[in-house]
Amino acid sequence: MSLISDHTETVVYKGANIKLPLFLDYQSTTPLAPQVHEVLVAALKVPGNSASSTHIFGLDAKEKIEKAKEQIADLIAARPDEIIFTSGATEANNLALLGYARQFKGKGHIISVETEHNSVLSALNELNDEGFDVTYLPVEKDGRLSLKKLEAALSAQTILVSIHAANNETGTLQEIEKIGALCRTRKITFHTDAVQALSTKSIDVIQNEITLLSLSGHKLYGPQGIGALYVKRGTPFVSSSQGGEHQQNIRAGTLPTALIAGLGEACQLAKECRNKDDQQLLHLSAIVKDKLKSELGDEIQFNGNQRARIPGCLNFTFKDIDAEDLLLSNPSLALSTGSACASTSHAPSHVLLAMGLSASEANGTVRMGLGRYVTEIEADFAASLLVEAYRKMKT
Ligand code: PMP
């Protein structure tokens, strides 16, 4: 038995059975796709260290890793030898920023944006302490970065620009193609945290002029604990880990074959499913949004650019309530108030504050993450339950 099975129940809604609790937190993590599960379990059963070159077990592990590199590279139009495995996107972001910048030994200008994930902001704060000049650009009210502001901030000293592809709290997309082009013409390295975008958006590292890109297995219906950093061939890098020659001296340590095989499969599936997923999620989010808007009117506000966004992520603010109280008193819905990586601090979201929301508006905000395995009726049910819960809190 597990905590979840102890709390499972089935309700009938509009003639359909709905299994509760309903998982609607796909930005925090995605369920494992059945195809990925199969590949992962099969790979777990075989021993073998991909660095052992003298027997068939090591060679088998190496073959699985090479296949996964091809699948990951194919998703972003990279080459397999440009893929470096990490424990997830936190490490990929740290590695990208520290590993690239440190060759300049504290001298140079770096640009990012205030709404980045904490794994980017913290690494940049560290670089700032080492002497780098770091600019955190503000965003507009809709969460987007103004290209004019970016262009004005670029200087002859700028060595690195790090802008995420999609925000993990609001789903807002940044114009990474244009940002890549701005960087390329000035020969500036461009890093993007593409974690939240890759399951529904096509990202091509060549066309988008990206030098470094971070991704994570568990945001792509793959396993937790595995991610990757794309490092464009020829990019100079300072290794941050010592003790092994694995992965072109960029990152040391034995590779987790099964997790990597699972990540590869997840990337292949993402490429096959992303157009269909994109359409399906647009439809589901319209169901939720229409219901919340028609029932609550101006008592609810949707945050972030409503056109340029990943389709499964909805971020909305209820008027004059504490969203955490609402979620805790409604355990049938697994939703969040924001980033899982910041959930131990009860401070209002830095992303929402940067977009101009007040602290109390930020505290009244819910993030709903719809995904591949959510049905129409579940989306409708969730919206109805939220309306009911909100009204109950207000009485
Ligand atoms: N970047 C973004 C945009 C994310 O949403 C997350 C996970 N919340 C991360 C980085 C960190 O990824 P991981 O959990 O794989 O370390």
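Below, all heavy atoms of this structure are taken into account, side chains as well, without hydrogens, waters or symmetry copies. Whatever order the structure lists ligands and atoms in, that order sets their numbers, starting from 1.
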Check: R309 side chain, C313 main-chain N or O, donor-acceptor pair, under 3.5 Å: yes
Is the closest N or O pair between [X] and ligand 1 shorter than 3.5 Å?
X    : answer
E91  : no
K219 : yes
V195 : no

Would you indicate whether the side-chain heavy atoms of [Y] and [X] approach each other to under 4.5 Å?
X    : Y    : value
L281 : H283 : no
K69  : D81  : no
N208 : F190 : no
F237 : L98  : no

With atoms numbered from 1 as shown, which atoms in ligand 1 lie under 4.0 angstrom from a non-hydrogen atom of [X]?
X    : result
T90  : 11 (C), 12 (O), 13 (P), 16 (O)
G88  : 15 (O)
D193 : 1 (N), 2 (C), 3 (C), 10 (C)
H218 : 13 (P), 14 (O), 15 (O)

Residue portion contacting ligand 1 (non-hydrogen atoms closer than 4.0 Å) for N93: side chain
Quick one: sort the Y26 and F23 rings into parallel, tilted or perpendicular, breaks at 30° and 60°. tilted
If hydrogens are left out, which of H117, E169, Q196 has an atom nearest to atom 9 (C) of ligand 1, that is, the closest non-hydrogen atom? H117
I need the single residue from L127, D193, I110, L121 that forms a side-chain contact (heavy atoms from CB on, under 4.5 Å) with L97. Which is it? L127
Under 4.0 angstrom from ligand 1, any heavy atom of H164? no
